[in-house]
Structure formats: C-alpha cells, structure tokens
Amino acid sequence: MARHGSLADQLTALREFVSRPEETSAPDQTSWSVVAANDNNPEDFSDVHVERRISLRPSTEEMMRQSKSRFERGPEVYSEVLRRNVPGPIIRIGNLRFSDGGQTERCMMAGIDGEPVAGSIRMPIGSMLGTKEQQERPLGGTGASPGESNAWFCDAFDVCHHEYVPGGKRRSGRSFSRDEAAAMLAEAIANTPVMPEVYQCEDGIAAGTARYADNFIGMKKAPKGSGGSIAWQDLSDKIAEREKWEEIERSLSDEDLTVLNAAANAKSYAEIGLAVRQSPEYARRKGGRRALIAANDNLMAAISAATAA
C-alpha cells in the first residue's frame, strides 16, 4: 500500500494532464454580464413572494347556474329549490346553502398570544356555507398548447398540419437485418408483375409526437438556468487554460506525450512500455513504470516553467 500510495502522490502532473480542458468552441454570441445574476442584496427580496392564482369555490359560474335553476323549475316546485325558515332568512338556493345564524365553520384565528390557531367562528345570517379559498399554481405564462405550438411550426415551414395519431399496441416478432429486409423486398418486386403507382406526399413535419417542437430541440426554450451559452468570462478562462496546456504539450517530447496518452487508458505498466516500443518482458518488469515516472517528471517541469512565465 505504501508503494502504491507513494507513486500516486508522485503522479500529480499526470492527473492534471488527464483532466486538462478539451477543445472549446466560441459561441455564436456572447451572454456577458457586468454583475453576476445572484449578486443581490437579500434584504431587497425579503418581502417578495410568488403571486399565485386564487381558487374560490363555489365559482361564479356555479353560483349563477344554481341561481338560475330556481327560475327554471317553476312555482310548483319552488319550495324544493328555495327554502326559508319562515319567517327567517333564505337558507338554500339550489345546492347553495346559507347560514341562519346558528352554524359555525372551522377557520384560522388569532390566539391569545397573537399566533394563528385553529378554531370555530359563527357564520353571520345569510352568509354562504361551505365556501373554499385556496392558492393554486403561480401566476405567469403557461406555455403554448400543443395546437398553438404546432400551428406556429407549420406556418414557419409553410407545411400543412396533420393531427397526431397515437400508435397502437406493437406486435412482437423477429427483427430482420438489413440484408434480410433487402432480400425480401427484392423477392416481392420480382413477384409483382405490375408495380403500384407511386404517390409523392406533400411536404410536412413528422407527427410522431403530439408537440412538433419535440422534433426541433434547438428551437425550444429551456428552463431557467439550463439553456443558452455559458458566460463569456467562463469561456475566456477555459480558452486561456487550453492555450496554456497546448504550450505545455509543445514543450514535451513525442515519447513523453505517447507515454502520457497511453497512461490515461492503460491497465498495466506493460501497455505503457509497449506504446514506446519496449520489449514485452522489459515493459512488464521495469520499462513501463520507469517511462511513466520520467514522463510525469518532465510534465511537472513543463508545468512549472509555464506557470512561472
């Protein structure tokens, strides 16, 4: 363990070589910023909250529908729709029920110490019973529906729209290779005296999914933080680091580069030695390990020289 641990500590330059940055391509346009997006004062957002849609039940449409029902039924069943505590207040209109002053409902109220606690409150006369108010999804854009998205792509490519038809249950069976399929097609053509007429379909978009946008990933807007180009500062650092490594690699000999590249995927010292044309026996016993240590030392010297420059 000590020997292997000591060698691993010596090969720090090799680990840096293996994890060096690869080729980077410049973006089509920069996404520069003067101040980082998360460089904000927390106190500026302490009172900020997400505005959500409020759901009220029964809805306005439901109340209008129940109110209209008492006029549709007529006077003969008026008592079944509109009930009163004679001579008290209205307590029911359709499925809507109202308080006569004796009902209570659970609610959140301020306790003795001012903290919210669960309790019961007496409902005022004429107030509607069983109402609910709760928050739903956050307000904001919901995105285009499949129909709107598909219509946009059809207009953009000037093609006709075709409805998405889900596929049925797939039949299991043996899969044919390319050669077998070609042979079967050639046999079918040979056995067909009169070939059917060939129809050329009009231009269109593949309708294998309900949303056409799934066929054009590059035209879809990704969620916040997961799309677009990286910041130009990060890209500039990566390019500068890559250029520094190219300078380091140019200062190494061809044999050292061969050893380092072989060591990245080699499973034994013998593979490293064979990469620089050592004999199999010498590479297995001493040569591969010696070549690796020598290349690592030369790489470390090149890194130190490039850093000091």
Side-chain angles (χ1 to χ4, degrees), residues 31-149 152 209-211 213-214 217 220-231 233-234:
S31 56
W32 66 275
S33 61
V34 178
V35 180
N38 59 352
D39 187 15
N40 300 311
N41 297 323
E43 57 272 13
D44 295 340
F45 300 91
S46 58
D47 297 330
V48 176
H49 64 277
V50 177
E51 187 176 1
R52 293 178 175 271
R53 186 180 300 278
I54 302 298
S55 173
L56 299 176
R57 294 293 183 273
S59 63
T60 304
E61 292 78 10
E62 176 65 15
M63 289 187 289
M64 293 299 296
R65 184 165 56 251
Q66 295 298 329
S67 300
K68 187 184 298 183
S69 64
R70 65 170 182 158
F71 299 104
E72 293 175 353
R73 295 192 177 186
E76 63 275 8
V77 290
Y78 184 84
S79 60
E80 296 182 6
V81 182
L82 180 60
R83 297 181 181 178
R84 292 176 180 267
N85 285 347
V86 182
I90 296 175
I91 62 172
R92 181 175 178 180
I93 299 179
N95 294 332
L96 305 178
R97 289 171 170 80
F98 302 88
S99 172
D100 60 1
Q103 290 82 8
T104 60
E105 286 191 354
R106 299 288 294 175
C107 66
M108 297 298 295
M109 60 177 58
I112 299 177
D113 55 355
E115 296 294 328
V117 294
S120 298
I121 185 174
R122 185 173 298 277
M123 302 299 292
I125 296 177
S127 59
M128 186 180 298
L129 301 176
T131 60
K132 295 181 180 180
E133 178 180 346
Q134 59 185 5
Q135 293 183 350
E136 294 184 340
R137 62 174 179 80
L139 292 175
T142 58
S145 63
E148 296 174 351
S149 174
W152 185 91
T209 60
R211 291 181 180 271
D214 294 339
I217 303 300
K220 296 179 66 174
K221 184 177 181 181
K224 182 179 180 181
S226 61
S229 175
I230 62 175
Q233 298 96 328
D234 297 336

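Qualifying side-chain contact (heavy atoms from CB on, under 4.5 Å) partners for Glu61, counting only residues two or more places apart in sequence or in other chains: Ser59. Every residue two or more places apart in sequence or in another chain that forms a side-chain contact (heavy atoms from CB on, under 4.5 Å) with Ile125 is listed here: Pro89. Residues meeting the side-chain contact (heavy atoms from CB on, under 4.5 Å) test with Ala110, sequence neighbours left out: none. The side chain to side chain donor-acceptor pair (under 3.5 Å) test applied to Ser127 returns no partner, not counting sequence neighbours.
The distance from the CD atom of Gln103 to the CE atom of Met123 is 8.5 Å, given to the nearest 0.5 Å. Note that CG of Asn95 is 4.0 Å distant from CD of Gln66, once rounded to the nearest 0.5 Å. Rounding to the nearest 0.5 Å gives a distance of 9.5 Å between CE of Met63 and OG1 of Thr131.
Using a 4.5 Å heavy-atom threshold, the side chains of Met109 and Val117 count as touching.
Contact between Phe98 and Ile90 at its shortest, heavy atoms only, is CB-O, 3.5 Å.
Formation of a donor-acceptor pair under 3.5 Å by the Glu105 side chain with backbone atoms of Gly130 is found in this model.
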